[in-house]
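In each ligand, atom 1 is the first atom listed, and ligand 1 is the first ligand listed.
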Amino acid sequence: MAKLNLSSWLSPSTSSNAGAERKKSNRMSFSAISSLSSSSKTKEAHVNGHESKPREPYAEAAPAAAAGQSPSGMVALAQKIARETEKIEAYMKEHNLPMPSFDVDAPADFPKLPANIQNSRHEIIAATRQLALLVHGPRESLRWGIWSFLDVLALQVINHFEIAKLFPAGETITLAELQAKTSLDPINLARLLRLAMTNGIFCEPSPNVIAHTAASRVLAEDGDLQAWVGFNAEDIFPASAHVLESLKAFPEATSLTRSGFCHAFGTVDKEPMFATFGKDPDRARRMGKAMVSLTGGEGYEVSYLVDVEGGGYDFGEIDAAGGTFVDVGGSHGFVCVDLAARYKNMKFVVQDLQKTIDTAPKPVCADPTIAERITLQAHDFFTEQTTEGADVYFFRWIIHNYSTPYAVKILKNLIPALKPGARIIINDHLLLEPGQENPWDESVMRRMDVVMLALLNAQERTEAEFRALFKAAGDGFVFKGVRRPKGCRMSIIEAVWQPDLVETANGDDSGAITNGVVVPEVDAPEANGVAKHEAVVEKPTEVK
Ligand SMILES: C[S@@+](CC[C@H](N)C(=O)[O-])C[C@H]1O[C@@H](n2cnc3c(N)ncnc32)[C@H](O)[C@@H]1O
């Protein structure tokens with residue numbers, strides 16, 4: 001088993017095998033993180049409306065509680081919850097919006113709210129969590145908090161056996177009748193249902209009689225959500241349970257075939273998750289639907305990218321010149337369809353693996369004025385870019401799927417096709433410093449970061465890490481900065497290909513990089529080897 005050499009990891013340059021350690025490294029060192037803290041407060045404005053100075057987690061509770069003053073931290077939090085809840089309720093009443101409840105016919109989603117009211121909602125989510133932690137106390141929070149995986153277990157079984165679909169929303173069913181419709185035995189069915197009920201999923205209005213709640217009804221009705229729950233419970237949950245094993249064996253955590261997922265499903269050094277799914281159409285379909293559920297969810301809509309007024313990207317100049325936009329790993333082209341609806345002169349190329357292109361709708365959409373400007377093209381991004389001279393190369397939900405060596409390889413593969421001035425735009429989560437994000441968004445993004453670790457040894461990135469990726473991919477990439485549409489969880493990260501300007505531009509701009517972000521020299525994955533990971537099942541050649 002490989003051992004993590006902590007001292008050389010922390011100070012790679014002092015170690016005799018520093019180069020080798022760096023090659024293996026997928027992350028920046030802790031010293032780099034602390035030295036980055038000022039430089040990563042970006043010069044470019046984030047336009048997402050979050051606070052410019054770091055939020056103190058638990059600021060509400062800590063000082064008063066520590067000083068023993070009144071109101072206590074708990075009361076301050078409770079008052080805040082009451083205050084913000086009243087604001088939301090007043091808004092909802094004024095606009096005749098249905099009130100949330102656990103009832104079976106309650107709305108499945110909290111209504112869309114204007115920014116100031118949405119802010120109240122975020123405050124409530126953060127404050128209720130803090131108050132709960134306080135009233136539990138640290139020991140109890142740890143002792144029982146660790147059991148949250150059992151909630152996942154209950155939902156895993158309920159979702160797998162489609163229990164929510166076994167009786168209609170407005171009706172009740174006895175446990176015996178429900179059991180007769182499944183292969184589960186009565187005791188296990190009852191105990192798992194009753195655990196789920198503690199989380200508002202199903203209820204038991206009278207002994208041994210089961211009814212739906214709003215949550216169980218949504219689970220019955222929303223196929224994409226079922227897929228999301230199934231993908232999480234049956235793929236990500238086992239993968240997560242094997243991350244420790246994978247980190248003990250392979251601490252560098254860069255390889256697609258040595259992730260927690262590979263350990264969970266017996267595919268270590270054989271194939272990455274994509275190839276495993278490639279062999280199992282049902283599982284691949286479930287993941288596809290799960291992605292639809294995720295990307296259709298609040299904060300992820302493509303409209304954020306298109307809505308220039310709301311902080312989206314302005315492609316006006318490129319449109320005026322009739323320029324070309326390449327969506328690399330663009331799936332079935334839905335981003336391009338939305339962009340083409342706004343930009344009437346631009347041309348679009350959607351690139352994806354052959355099998356994905358083969359299953360795309362043709363024409364790509366019903367409107368011929370849009371479809372005629374969108375070309376679907378089979379292209380493997382682990383090979384050299386074939387569409388030369390485009391104005392934009394765009395990556396949405398791509399770079400976060402890969403550890404640094406693979407991500408650098410993807411960017412390097414653009415170089416032969418790039419004309420001076422070409423824009424490279426990445427649309428992914430961008431991690432801020434701890435406490436700078438609103439707590440709910442931070443929680444979602446940090447969990448997503450760890451999901452990427454569990455499945456693919458991949459990661460979400462900070463601005464400094466994106467800068468470092470471009471720097472490692474080639475000197476001609478000049479990092480332009482990041483922006484984030486208001487209300488959106490995803491950021492727009494941009495570099496421009498300017499090989500002639502590189503000395504000045506990166507010289508000024510690359511403080512974060514020279515500040516010690518460890519980017520491994522790219523011992524790049526074999527293009528074909530990685531491509532085969534994605535496309536077919538083949539023994540990979542890759543970074544170990
Ligand atoms: C997470 S999805 C993102 C899809 C789309 N960009 C979006 O925003 O939803 C990753 C996409 O990358 C594609 N992909 C995976 N490996 C690829 C490769 N080697 N070359 C090209 N596309 C690839 C997948 O088929 C899939 O469509």
Side-chain angles (χ1 to χ4, degrees), residues 224 227-228 231 235-236 256 271-278 281 284-297 299-306 313 325-339 348-361 364 374 376-387 392-403 406-407 409-414 424-429 448 451-452 455-456 458-460 488-493 524-538 540-542:
D224 292 341
W228 170 256
F231 173 50
D235 291 314
I236 302 179
L256 281 172
E271 64 187 26
M273 180 191 79
F274 300 120
T276 307
F277 283 5
R285 211 170 296 117
R286 181 172 68 193
M287 184 184 160
K289 289 179 78 179
M291 290 304 108
V292 172
S293 180
L294 170 70
T295 54
Y300 292 109
E301 297 91 336
V302 178
S303 54
Y304 284 112
L305 175 74
V306 183
Y313 194 93
F325 177 104
V326 183
D327 189 356
V328 188
S331 187
H332 288 176
F334 56 91
V335 171
C336 291
V337 169
D338 283 9
L339 284 171
F348 298 86
V349 178
V350 179
Q351 297 183 332
D352 210 294
L353 295 169
Q354 183 73 58
K355 64 179 177 185
T356 308
I357 295 298
D358 288 347
T359 57
V364 69
I374 300 178
L376 296 173
Q377 187 179 82
H379 172 69
D380 172 356
F381 50 56
F382 284 109
T383 62
E384 281 188 2
Q385 178 56 244
T386 48
T387 297
V392 182
Y393 295 86
F394 177 76
F395 297 87
R396 182 171 184 270
W397 291 123
I398 301 295
I399 300 298
H400 86 146
N401 287 335
Y402 296 98
S403 65
Y406 294 90
K409 176 76 181 160
I410 292 171
L411 294 177
K412 266 181 185 285
N413 277 335
L414 294 176
I424 296 86
I425 298 178
I426 295 173
N427 198 197
D428 262 338
H429 283 146
M448 180 75 87
V451 165
M452 300 322 294
L455 296 181
L456 298 160
Q459 66 177 110
E460 304 296 342
C488 185
R489 273 209 201 103
M490 296 177 79
S491 290
I492 300 166
I493 300 116
E526 279 292 312
N528 286 338
V530 178
K532 282 167 184 162
H533 295 170
E534 316 286 328
V536 290
V537 184
E538 187 105 356
T541 311
E542 63 169 332

With a 4.0 Å heavy-atom cut-off (strictly under), which part of Ile398 contacts ligand 1: side chain, backbone, both or neither?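 For Ile398, the contact with ligand 1 is made by the side chain alone.
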For ligand 1, which atoms sit closer than 4.0 Å to a heavy atom of [X]?
X	result
Phe334	7 (C), 9 (O)
Thr356	25 (O)
Asp380	18 (C), 19 (N), 20 (N)
Tyr402	16 (N)
Trp397	1 (C), 3 (C), 7 (C), 8 (O), 9 (O)
Phe382	19 (N)

Gln377: which of Val350, Asp327, Thr387 passes side chain to side chain contact (heavy atoms under 4.5 Å, CB included):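 When side chain to side chain contact (heavy atoms under 4.5 Å, CB included) is applied between Gln377 and each of Val350, Asp327, Thr387, only Thr387 qualifies.
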Minimum distance, heavy atoms only, to atom 22 (N) of ligand 1: which one of Tyr300, Phe274, Phe381, Phe394 is it?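 That would be Phe381.
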Is any N or O atom of [X], backbone or side chain, closer than 3.5 Å to an N or O atom of ligand 1?
X	value
Gly329	yes
Arg396	yes
Asp352	yes

[X] vs [Y] aromatic rings, parallel, tilted or perpendicular, using cut-offs 30° and 60°?
X	Y	result
Trp397	Tyr300	tilted
Phe394	Phe325	tilted
Tyr402	Phe274	tilted

Taking atom types as modelled, find out whether Gln459 and Ser403 have a side-chain donor-acceptor pair closer than 3.5 angstrom. no
Do the non-hydrogen side-chain atoms of Asp380 and Gln354 ever get within less than 4.5 Å of each other? no
Just wondering, do Leu294 and Met448 contact through their side chains at under 4.5 Å, heavy atoms? yes
For the pair Asn413 (side chain) and Phe382 (backbone), establish whether a donor and an acceptor sit closer than 3.5 Å, ignoring hydrogens and angles.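 Yes.
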Is there a heavy atom of His379 sitting under 4.0 angstrom from any atom of ligand 1? yes
